[in-house]
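Heads up: the structure comes next, in structure tokens.
Each chain gets a letter, A, B and so on, in the order the sequences are listed, and its residues count up from 1. Please read these numbers as outputs of a predicted model, since none were measured by experiment.
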Amino acid sequence: MPESPLLEGLNPQQRDAVSAGTGPHLILAGPGSGKTRVLTHRVAYLVQEMGVAPYRIMAVTFTNKAAREMQQRVERMLGGQELSGLSLGTFHALCARILRVEAENTPYTRDYVIFDTRDQLTAIKQAATQLNIDIKRFTPRSLLDGISAAKNEMLTPEVFADRVDSYFAEIVSRVYFAYQEILLGSNAMDFDDLLMQTVLLFQQYADVAAKYQRRYEHVLVDEFQDTNYAQYKLIHALAAPQNNLFAVGDPDQSIYAFRGADYRNVLRFQKDFPDARVILLEQNYRSTQTILDAATAVINVNTNRVPKRLFTGRGKGERIALYEAYDEDDEARHILNTILRLNEEGRYNPGECAIMYRTNAQSRPLEEAFRRAGVPYRLIGATRFYDRREIRDLLAYLRLIHNPDDSVSLERIINVPTRGIGERTLGELRAWAESIRLSPGRALLALLEGADAPFSPRSRRALEVFAGLLAHWQALAAAGRPPLPILDAVIDDTGLAAYLRDGSREGEDRWENVLSLRESAADYEHADLAEFLTQVALVSDVDVRDDNVDAPALLTLHSAKGLEFPVVFLCGLEEGTLPHLRSLEADAEGDPDALAEERRLLYVGITRAKDRLYLSYAFRRTRFGDSEPSLPSRFLQDVPPALLEGAPLAGASRAAQDSFARMTAWMDDLPRSHAARNTPSPPRFQPGMRVINPHFGEGVVIAARRYHDAEEVDVQFDRAGRKRIDGNFLEPLG
DNA sequence: TCTAACCAGATTTTT
DNA sequence: TCTGGTTAGA
């Protein structure tokens with residue numbers, strides 16, 4: 001058989017997978033083994049060699065960004081052929097589309113909106129309040145987690161109620177009913193509903209299921225280890241009856257159990273499809289053997305897994321650097337200096353480096369260090385654009401226009417900017433709406449038609465003014481105007497610009513954000529509001545970051561999934577941070593899975609590195625605003641010392657850990673300077689000195705003080721204004 | 001009804 | 001340290 005050019009450059013295992021025939025296939029692959037590459041080639045192969053029409057293929061990726069990249073690569077592989085009709089995207093995006101099309105067979109209309117976590121919490125609070133449940137005792141977050149877990153397991157409120165086995169579950173169950181009522185009344189679905197409703201749709205309407213089964217001849221899934229039960233049911237349903245299912249994953253990289261991902265789907269797959277072919281990809285093309293050995297040593301401690309042997313053709317490589325920092329600032333400085341040094345030595349560009357941490361809060365000292373030094377960086381994912389107040393407000397307007405039943409959005413913005421509709425009037429509106437069995441939004445619109453309502457003249461006037469605006473915007477939407485002019489109408493009619501731009505620096509920032517939202521709305525010139533809103537709800541800005549800047553990336557271990565960098569720094573390797581305190585607590589309560597997942601998280605981090613890996617932990621770390629001593633992560637003890645260079649481990653044994661803890665307990669009471677290990681040197685900078693920084697240019701020193709082993713200097717720059725800078729990044733002039 | 005001040009509380013990860 | 005929620009006062 002003549003070989004397909006699509007198989008060129010692949011190893012035998014990869015070829016085997018790409019060119020596999022029909023039927024169920026499970027590809028179990030280690031990190032850096034070309035999983036995504038195999039999946040991409042497989043899609044191209046189906047089209048080119050097996051003659052499958054693109055619209056008969058569904059390929060599910062973990063992020064929207066991965067989907068975009070895959071689309072581009074496949075098209076390139078097929079010689080620029082346009083692959084329209086290919087169903088490529090995340091589970092959520094694909095489900096959102098199906099639910100829109102099949103709305104008449106669901107409890108929702110096609111104008112439904114998607115509730116994100118913030119909206120969900122608002123709705124949960126509402127539900128709990130209705131039920132007189134004390135949200136101090138049962139936090140909305142914990143209730144939401146309970147409901148979300150139920151939905152991921154495909155448990156409807158009724159089924160869940162039958163399984164209640166604890167007081168907490170009882171509370172969750174009651175809130176679940178009320179919460180679902182609120183969602184339905186608002187014509188809104190949360191993330192979990194998108195999946196669950198789609199599966200329910202298929203279960204309840206065999207003809208609908210059959211339609212999609214006929215359409216999708218091949219179903220491919222990436223990151224299979226991070227699917228939850230609902231997602232598994234979905235692909236199971238879609239792939240039937242031919243079961244041309246191609247699932248790619250690595251159970252050792254399962255890091256989303258907290259949100260319902262269930263690595264047991266791998267086992268389910270093998271049980272449900274006994275004839276499935278399992279193909280292993282074990283060769284690693286990414287990392288040096290040293291890095292792989294460290295990763296293997298860390299992950300091997302986990303029980304209940306299929307051992308994999310990872311090998312690479314890349315050679316041994318350099319040893320892994322371990323650094324014990326004094327505190328998080330010292331750690332940040334050390335990382336920054338290392339990146340600058342690697343750059344000066346001409347070994348790696350800043351853009352080839354990534355700094356990874358467990359929690360978003362850890363980015364702060366890093367950002368500060370970079371800012372002080374005037375070195376640019378790329379912060380990935382942290383404060384999410386769509387999470388900003390002004391953006392959420394504007395989107396709430398758009399959602400309300402699109403779907404007047406969305407009372408969470410209505411209540412969010414009915415008095416933003418303030419327009420005389422306070423808690424009292426709002427309460428009256430709610431009560432009246434309920435009495436005439438309309439959602440508050442629709443009741444509001446009915447007011448314009450002269451509906452009889454028990455409001456004071458003053459309240460009524462305020463409500464009517466707002467209703468008038470809403471009706472006006474809806475008319476724009478109904479006339480088919482694209483998102484941007486509608487958005488502009490909202491901005492103009494509400495006087496949002498004046499409201500936000502209050503003369504403060506933050507005000508200008510907020511306005512800038514509004515302008516960015518306008519920019520993204522401008523991309524939807526030929527789409528309607530529904531499409532724009534869906535996109536906004538399902539595409540995180542993690543997906544849209546700019547890769548083209550030559551600056552180090554700062555990101556959490558979770559968002560590092562699927563990425564690779566020549567140089568990786570893993571910081572904050574301490575007990576309580578990685579593994580996170582929550583998992584230690586869970587472990588103490590007898591749940592070993594939590595710790596195993598933390599370990600996998602570290603495994604993912606280590607295996608992102610191609611050439612150089614730097615590990616660090618701090619001797620003390622600031623938590624909740626004050627600084628406390630910390631212990632090196634237990635995971636560090638699993639890395640063979642022969643692979644490491646740098647600091648000896650302070651907590652090499654359990655006994656040592658205990659004595660370390662005792663020692664640091666009393667050190668905690670000493671002034672900081674006692675614990676600092678660097679002897680102070682005379683200050684280099686005095687007020688009035690002229691100095692220069694490569695990034696900010698020339699300036700004059702305002703003030704300077706010692707700060708551990710470095711100097712913190714306030715400088716008035718001639719052009720860049722006043723900055724606080726690490727003395728290491730200043731040179732005296734003259 | 002609105003604003004500002006205060007206080008308490010919480011801090012994992014994200015489609 | 002920050003955020004959010006509550007309360008008091010205008």
Worksheet item: Of A/Ser583 and A/Phe191, whose closest DNA chain B nucleotide lies nearer the 5' terminus?
Response: A/Ser583
Worksheet item: Between A/Leu601 and A/Arg419, which has a closest nucleotide on DNA chain B that is more 5'?
Response: A/Arg419
Expected rows: protein N/O vs nucleotides 3-6 of chain C N/O, under 3.5 Å:
from	atom 1	to	atom 2	distance (Å)
C/dG4	OP1	A/Arg118	NH2	3.3
C/dG5	OP1	A/Lys125	NZ	2.8

Nearest whole Å is fine: how far is [N] [atom2] from [X] [atom1]?
{"X": "A/Asn415", "N": "B/dC2", "atom1": "CG", "atom2": "P", "value": "5 Å"}
{"X": "A/Leu463", "N": "B/dT1", "atom1": "CG", "atom2": "P", "value": "10 Å"}
{"X": "A/Leu581", "N": "B/dT13", "atom1": "CG", "atom2": "P", "value": "13 Å"}
{"X": "A/His92", "N": "B/dT14", "atom1": "NE2", "atom2": "C1'", "value": "10 Å"}
{"X": "A/Glu585", "N": "B/dT11", "atom1": "CD", "atom2": "P", "value": "12 Å"}
{"X": "A/Gln231", "N": "B/dT15", "atom1": "CD", "atom2": "P", "value": "12 Å"}
{"X": "A/Leu578", "N": "B/dT13", "atom1": "CG", "atom2": "P", "value": "13 Å"}
{"X": "A/Lys151", "N": "B/dT14", "atom1": "NZ", "atom2": "P", "value": "21 Å"}

Discussion item. Give the residues of residues 248-259 of chain A touching DNA chain B, defined as any heavy atom closer than 4.0 Å, sorted by residue number.
Written reply: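 Residues of residues 248-259 of chain A under 4.0 Å from DNA chain B: A/Tyr256, A/Phe258, A/Arg259.
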Worksheet item: Below 4.0 angstrom from OP1 or OP2 of B/dT14, is there any side-chain N or O of A/Asn360?
Response: yes
Discussion item. Below the 4.0 Å mark, does B/dT14 have OP1 or OP2 next to a side-chain nitrogen or oxygen of A/Thr556?
Written reply: yes
Discussion item. As a quick check of understanding, evaluate side chain to side chain contact (heavy atoms under 4.5 Å, CB included) for A/Arg259 and A/Phe191, giving each step before the final call.
Written reply: CA-CA 11 Å; A/Arg259 107 183 171 204; A/Phe191 286 127; over 6 Å; no
Nearest to the [X] side chain among [options], which nucleotide is it?
{"X": "A/Thr90", "options": "B/dT1, B/dT12, B/dT15", "value": "B/dT15"}
{"X": "A/Thr418", "options": "B/dT1, B/dT13, B/dC2", "value": "B/dC2"}
{"X": "A/Thr425", "options": "B/dT14, B/dT12, B/dT1", "value": "B/dT1"}
{"X": "A/Arg364", "options": "B/dT13, B/dT11, C/dC2", "value": "C/dC2"}
{"X": "A/His580", "options": "B/dT12, B/dT14, B/dT15", "value": "B/dT12"}

If the condition is salt bridge (charged side-chain N to carboxylate O under 4.0 Å, His left out), which residues does [X] pass it with, not counting sequence neighbours?
{"X": "A/Arg461", "answer": "none"}
{"X": "A/Arg389", "answer": "none"}
{"X": "A/Lys35", "answer": "none"}

Item to complete: Give A/Arg458 one of three labels, base, sugar-phosphate or nothing, depending on what nucleic acid heavy atoms sit under 4.0 Å from its own.
Response: sugar-phosphate
The criterion is side-chain hydrogen bond (donor to acceptor under 3.5 Å, both in side chains); which residues satisfy it with [X], sequence neighbours excluded?
{"X": "A/Asn187", "result": "A/Thr109"}
{"X": "A/Asp250", "result": "A/Gln253, A/Lys308"}
{"X": "A/Gln71", "result": "A/Glu75"}
{"X": "A/Lys125", "result": "none"}

Worksheet item: Could one point to a donor on the side chain of A/Arg358 or the base of B/dT13 with an acceptor on the other under 3.5 Å away?
Response: yes
Response to the item:
For A/Gln362 and A/Gly572, the nearest pair of non-hydrogen atoms, with its separation, is NE2-CA, 3.8 Å
Worksheet item: Do the numbers put A/Arg600 on top of the ring of A/Tyr263, so that NZ or CZ is under 6.0 Å from the six-membered ring centre and no more than 45° off the axis?
Response: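 Verdict for A/Tyr263: a cation-pi partner in A/Arg600.
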